[in-house]
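Remember, predicted model here, so these are calculated numbers, not experimental data. In what follows, chains carry the letters A, B, and so on, assigned in the order in which the sequence lines appear, proteins first and then strands, with residues in each chain numbered from 1. We use all heavy atoms of the structure for the numbers below, so side chains are in, but hydrogens, waters and symmetry mates are not.
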Number of protein chains: 2
Amino acid sequence: MTTPRPGLRERKKQATREALREAALRLAVEHGPDRVRVEDIAEAAGVSPRTYNNYFASREQAIVSAVTADREARIAAAVAARPAEVRLADAVTEAVVAQYTNTGEREQKALLLITAQTALRDAFLEAAAGIEPPLTAVLAERLADAEAHTARVLAASVAAAVRIALEGWLRPVQSAETAERHTAAGLVLPSGSLPDRLRAALAPLAPAFDAAEQHTRP
Amino acid sequence: MTTPRPGLRERKKQATREALREAALRLAVEHGPDRVRVEDIAEAAGVSPRTYNNYFASREQAIVSAVTADREARIAAAVAARPAEVRLADAVTEAVVAQYTNTGEREQKALLLITAQTALRDAFLEAAAGIEPPLTAVLAERLADAEAHTARVLAASVAAAVRIALEGWLRPVQSAETAERHTAAGLVLPSGSLPDRLRAALAPLAPAFDAAEQHTRP
DNA sequence: ACGTAAATTTGCGTGCACGCACTTTTCCTG
DNA sequence: CAGGAAAAGTGCGTGCACGCAAATTTACGT
């Protein structure tokens, strides 16, 4: 139903997107994030530079997207998968934590990279805003009869909270030297516990979720 | 205390910023938003194009900033001005509504302009995110002993809600032709009541504010 | 009043994002 | 299995954002 048909066209499109992501990340890791031009990425993916920009609106977006993948969509799916009995606030929190508590070794390296450059950090944080649309849809379903925009506001608030948590998590590493020292010491993860930060950031929103839920079926 | 001294340097800087804003808006109104180049704005403000970019990170930002001015700072100030007895959620809502319930005739014309072009609309919406820092400071003061990040999350949620309200308010006008018809009919404001939309968008967050307030002094 | 340190402005060069028009590929229907 | 519509890829041109380093302006102690 959500997949009326794969279709050759669609598959090729995804393949291109994938190739671009992959090339962007690989080149960024190899030569450093600021020493890779769009032209190089496009060439590595076997596509014209102009096409590259049909897929990504900025160079940073491509690199970050290789790490982020479709995490946002998975969060929404995870929320939808929870039984209707659990507190909505808990369902959302756990879904977010679960999806950000990965991860592969590949992602670790990439995060180090992202931390090192301001433009990449910003793109990474901004990518978290992508939770809003899918999460809005899921929340709207749960809060069925409530006013339509409530779901949207809550979803956007979650996105904001996640952004804040990630920001705080990445902050201590700010400089490239710090990153170096951390790597040397074997500390791959920037600082503190990301799950804790996420929970803390989402906690203040719980009452809003509870109220919305109550309003639906008292 | 916040003004240790005006200083010639600072005054000149503000004058330049003002001149750029003014020039950007005037030229955009005169020739249409997409028919004004950075070079033109800079020249009209008597400054080099490179300097222009020391003040604004994008062409849209300059135009929008002429309309937005320091609305975000005023919202925070308005919240701070309310007596400590009033419900925090109400204080914030009223402050937001008051500051967005403008406005001069000049702003009306500018809004029409902004509505007409996607890039400008985006910049306008993104500008609303500027509420976060000052609002965080004010909220942190009210929620003194609560965990520090609560203020930040709430402020960011407010910013998100405002963005959503503005988005819905601007949506019906999307196309330039629609804008034309509206002007011809004398309807300057895009659609519906902005105050209503703002209140509706902020309402779902009220429980979160209440809970945070309770937590401070039960 | 002078000189030095700091901040601001400016010119230049590089990559980049994106509109537009055109070509190539995929899809669908008779 | 055409053949034409729709969509994706491409080349080109324009304006722009921004790093860098030199020039200019402001601030301030002596």
B:Arg37: which residues meet the salt bridge (charged side-chain N to carboxylate O under 4.0 Å, His left out) condition with it, sequence neighbours left out? B:Asp40

With A:Glu43, which residues qualify under salt bridge (charged side-chain N to carboxylate O under 4.0 Å, His left out), at least two apart? none

So, does B:Tyr55 use its side chain to make a donor-acceptor pair with the main chain of B:Glu18 at under 3.5 Å? no

Using only atom types and a distance under 3.5 Å, with no angle test, would you say the side chain of A:Thr115 pairs donor to acceptor with the backbone of A:Leu111? yes

Only pairs at least two apart or in different chains count here, so list each salt bridge (Lys or Arg N to Asp or Glu O under 4.0 Å) that has a residue in residues 53-62 of chain B. none

Among residues 27-43 of chain B, which ones have heavy-atom contacts with DNA chain C below 4.0 Å? none

Any residue of residues 46-59 of chain A with a heavy atom less than 4.0 Å from an atom of DNA chain C: A:Arg50, A:Asn53, A:Ala57, A:Ser58, A:Arg59

When you look at CD of B:Glu141, are more than 12 heavy atoms from neighbouring residues, nucleotides or ligands closer to it than 6.0 Å? no

For [X], side chain to side chain donor-acceptor pair (under 3.5 Å) partners two or more places apart:
| X | value |
| --- | --- |
| A:Glu107 | A:Arg71 |
| B:Ser65 | B:Arg21 |
| A:Asp70 | A:Arg74 |
| B:Thr101 | none |

Whole angstrom is fine here: how far is it from [atom1] in [X] over to [atom2] in [N]?
| X | N | atom1 | atom2 | value |
| --- | --- | --- | --- | --- |
| A:Lys13 | D:dG9 | NZ | P | 8 Å |
| B:Gln117 | D:dG15 | CD | C1' | 13 Å |
| A:Glu10 | D:dA7 | CD | P | 12 Å |
| A:Leu20 | D:dA8 | CG | P | 15 Å |
| B:Gln14 | C:dT9 | CD | C1' | 16 Å |

Taking only the side-chain nitrogens and oxygens of B:Lys12, find out if one of them lies under 4.0 Å from OP1 or OP2 of D:dT25. no

Do the side-chain N or O atoms of A:Thr16 get closer than 4.0 angstrom to the phosphate oxygens (OP1, OP2) of D:dG9? yes

Check: B:Val97 and B:Leu194 side chains under 4.5 Å, non-hydrogen atoms: no

Ionic contact status for A:Glu22 with A:Arg26, cut-off 4.0 Å: no

Would you list the atom pairs, donor with acceptor, under 3.5 Å between side chains in residues 126-133 of chain B and any protein atom, with sequence neighbours excluded?
{"from": "B:Glu132", "atom 1": "OE1", "to": "A:Arg163", "atom 2": "NH2", "distance (Å)": "2.9"}
{"from": "B:Glu132", "atom 1": "OE2", "to": "B:Arg152", "atom 2": "NE", "distance (Å)": "3.2"}

Writing each nucleotide of DNA chain C 5' to 3' as (, ), [, ], | or . by Watson-Crick or G-U pairing under 3.5 Å yields ||||||||||||||||||||||||||||||

Extract from the structure each pairing of a protein N or O with an N or O of nucleotides 1-6 of chain C at less than 3.5 Å, listing the distance.
{"from": "C:dA6", "atom 1": "N3", "to": "B:Arg9", "atom 2": "NH2", "distance (Å)": "3.4"}

